[in-house]
Participant: 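Questions regarding the structure given below will be posed in turn.
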Amino acid sequence: MSNRVTARLLLFFRKIMRHLESLFFLAKTLLSERNFIYLSCVAVAISCAFAVIILKSFAHNVFIFANYANQYLKLPYANSIFPIIGILLTVFVIKKFLDGSIEKGSSRILYAVAKKGGIIPKKQMYAQIITSSLTVGLGGSAGLESPITITGAAFGSNFAQKYKLSQKDRILLLACGVAAGIGAAFNAPIAGVLFAIEVVLTDITISAFIPIIISAATGALVSKVLLSQDILLSFEQEQNFDFHNTPYYVLLGILAGFVSAYHARNFRKVEHFFSRFKNNSYKKALFGASILALLIFFFPTLFGEGYESMKTLSTAHPETLLENTLLESHKSNEWVLLAFIGITTLLKSFATGLTLGSGGNGGNFAPSLFVGSYLGFFVAKFMHLTGINSNLPITNFTIVGMAGILSGLFHAPLTAIFLIGEITGGYDLMVPLMIVSSISFAVSKQFEKHSMDVKALADKGDVFTSDKDKNILQSIDVLKLIQIDVKTIPLEKSLENLIEQLSQTTQDIIPVLDEKQKMLGIVEFDTIRSILFNPYRIKFTTVQEILVQPKEIILYDDGMETIMEKFESSDETILPVIKAGKFFGLLSKMDVLEAYREKLKEMVIE
């Protein structure tokens, strides 16, 4: 009976989707291109908002159940067991249902924009929801915001593909999905808009603002109506700024910058360690999850996103964080609480690295807010206990610290400022938010040129940065420019054979290959020009004698920036390309510059 009901519901759902698709195709024919984009961004935002509601509700309910198991069912190890189950289930789903792989982190969105024309695989519309709900929902020490942004981007990208929109509109709708995701996750539409602009889009026009604003507002509105306020991260109490505390906010900003670099580097080290486990994903998951479980056993606040503990820090009784821990009997000792907070702050990067490195899915957005709130509390509480300044508002520092780490890790100070401003219900802390976010960004930038999520891709030239010329170069598909149909010659052939080859091509250089297609060198046309009309020299000169080594060699995996550097250093117009040690083709500098010119024309707004 239940199977029949399920089948009917699925059939009903499919009929609705078909009718909606028909309506959108009709709307596309009736509406102008711009108005259809407005309609599309609303549809994408609503879809993303429902994904947020599912994810957030699941994670919140599991957290409540874990606490219930601790307090009432007397299962003190529930917090440690759930993450192991969640990560193992995540690995199982990825292996059995998602082709053994899933793209993690918001960096994948930037990669899609830079290298794929905004195309994101269709499976990302559901894969992130399923896997991150299992990982984070069951206590993995990561955040849901990164999976939410990827899901929103996937909705936008695939909607554009479905209705055959241009690449420009596809990237715009992708950004709309991201803005809607952040707007819905925090009920912070301004932060959603700024995140899409600061992190996803390196170039933005006024015309793109409107769809992004509509999406962020729609996502936040749906979340506001349907999602319980208890699930959202919010701080309702009024905050006031005392300018006498400015030096302490400056100190918090500096510390936030250093802690941001510390978090990013330790997280990458843990992830790199687990990248060595390539053969047995279940073994890797069990190993990493077990260490995570041990950390959560001693520091239960590392369980899940950690939003509940962040709210607790801003209340009048932060000592409740020590309940259900080994330090519960010392919760009245403020120094013990301070030590607990400080150690947890330093361990969060390892906990998040273990969660994601061992096979779980999630992001670093929530961990950045977690670390920031703990750091802010630690600084203010330390000033209290040491008597340096007993009047510092601890709640203010707890809130402002979140903006500091978010800005330092993601290099997105505007997003950090307005996100915290929105979730606190006012802008009374705007000045300290600006101070801490900007200083943290400046300090972390000294240690980390790129934000933690995109560093690896940026180093390889796989994402856009603030350098517009570099962005255009990166957007060029170099593989389409390589001349593969190239005349080559074996080393043992005579110079007569070489001249015959030259007479059949416009190439200025002829690569000389061995029997395994490895390049031994090149013969340049200018080199043999002087002997073309000397039959004696043609007959008795060998290819070996006129063979030279190219000044530079382009590797198949080289990024466009590296390729242009090689052209400049060699002062050559044509260079050979090598793939896996074998000759692959020739690349002309003129072809690259022509492709650059065409890309530049495409990016000019009419």
Side-chain angles (χ1 to χ4, degrees), residues 239 241-269 299 301-302 306 309-310 313-314 318 321 334-335 337-353 364-417 419-421 424 429-449 451-452:
Q239 303 299 323
F241 168 56
D242 183 351
F243 70 90
H244 295 98
N245 295 328
T246 300
Y248 299 98
Y249 286 115
V250 172
L251 173 64
L252 178 59
I254 295 171
L255 291 176
F258 283 115
V259 172
S260 296
Y262 166 87
H263 182 95
R265 293 183 177 184
N266 281 319
F267 173 80
R268 284 197 298 269
K269 285 178 182 177
F299 301 91
T301 52
L302 294 173
S309 70
M310 292 159 58
L313 280 182
S314 65
L321 289 180
E334 292 184 313
W335 282 104
L337 174 64
L338 186 68
F340 180 85
I341 295 298
I343 295 171
T344 305
T345 303
L346 298 177
L347 287 177
K348 185 63 174 180
S349 58
F350 295 98
T352 306
N364 269 290
F365 202 99
S368 71
L369 299 179
F370 179 95
V371 172
S373 65
Y374 274 56
L375 176 65
F377 178 92
F378 182 89
V379 170
K381 193 69 175 178
F382 180 81
M383 297 300 171
H384 274 232
L385 295 180
T386 56
I388 296 175
N389 189 333
S390 58
N391 295 319
L392 284 183
I394 294 178
T395 300
N396 282 19
F397 275 73
T398 301
I399 292 171
V400 173
M402 291 190 284
I405 300 296
L406 179 60
S407 174
L409 278 182
F410 288 91
H411 292 186
L414 287 176
T415 300
I417 292 167
L419 174 66
I420 305 306
T424 54
L429 290 177
M430 185 55 69
V431 172
L433 284 171
M434 289 179 170
I435 292 171
V436 174
S437 296
S438 58
I439 292 176
S440 175
F441 172 74
V443 172
S444 67
K445 192 80 170 175
Q446 298 299 312
F447 298 96
E448 299 288 338
K449 183 180 179 182
S451 66
M452 69 174 300

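Heavy-atom basis, side chains included; hydrogens, waters and symmetry copies ignored.
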Participant: Out of curiosity, L392 CG to F397 CZ, how far, rounded to the nearest 0.5 Å?
Facilitator: 4.5 Å
Participant: So, do L419 and L406 sit near enough that their side-chain heavy atoms are less than 4.5 Å apart?
Facilitator: yes
Participant: For Y262, look at atom OH and say whether over 12 heavy atoms of other residues, nucleotides or ligands are found less than 6.0 Å away.
Facilitator: yes
Participant: Taking the six-membered ring for Trp and the single ring otherwise, decide whether the centroids of F370 and Y374 are under 6.0 Å apart.
Facilitator: yes
Participant: Would you compute the distance between atom CZ of F410 and atom OG1 of T415 and round it to the nearest 0.5 angstrom?
Facilitator: 10.0 Å
Participant: Does the T395 side chain pair with the main chain of S314, one donor and one acceptor, at a distance under 3.5 Å?
Facilitator: yes
Participant: Rounded to the nearest 0.5 Å, how far does OG1 of T301 lie from NZ of K348?
Facilitator: 8.0 Å
Participant: How many angstroms lie between CG in L338 and CD1 in I343, if you round to the nearest 0.5 Å?
Facilitator: 10.0 Å
Participant: Do the side chains of L313 and I341 get nearer than 4.5 Å, heavy atoms only?
Facilitator: yes
Participant: CD1 of I420 to CE of M402: how many Å apart, nearest 0.5 Å?
Facilitator: 4.0 Å
Participant: Sequence neighbours left out, cut at 3.5 Å: what donor-acceptor pairs do the side chains of residues 244-261 make with other protein atoms?
Facilitator:
unit_1	atom_1	unit_2	atom_2	d
H244	ND1	D242	OD1	2.8
T246	OG1	F243	O	2.7
S260	OG	A256	O	2.7

Participant: Under a 4.5 Å cut-off applied to non-hydrogen side-chain atoms, are H263 and I405 in contact?
Facilitator: no
Participant: Report the relative orientation of the aromatic rings in F382 and W335; use parallel for angles under 30°, tilted for 30 to 60°, perpendicular for over 60°.
Facilitator: perpendicular
Participant: State the CG-CG distance between N396 and L433, to the nearest 0.5 angstrom.
Facilitator: 9.0 Å
Participant: Specify the closest pair of heavy atoms between P413 and F441, including all atoms of both residues, with the distance to one decimal.
Facilitator: CD-CD1, 4.1 Å
Participant: I need the single residue from P432, S437, S407, S438 that forms a side chain to side chain contact (heavy atoms under 4.5 Å, CB included) with I417. Which is it?
Facilitator: S437
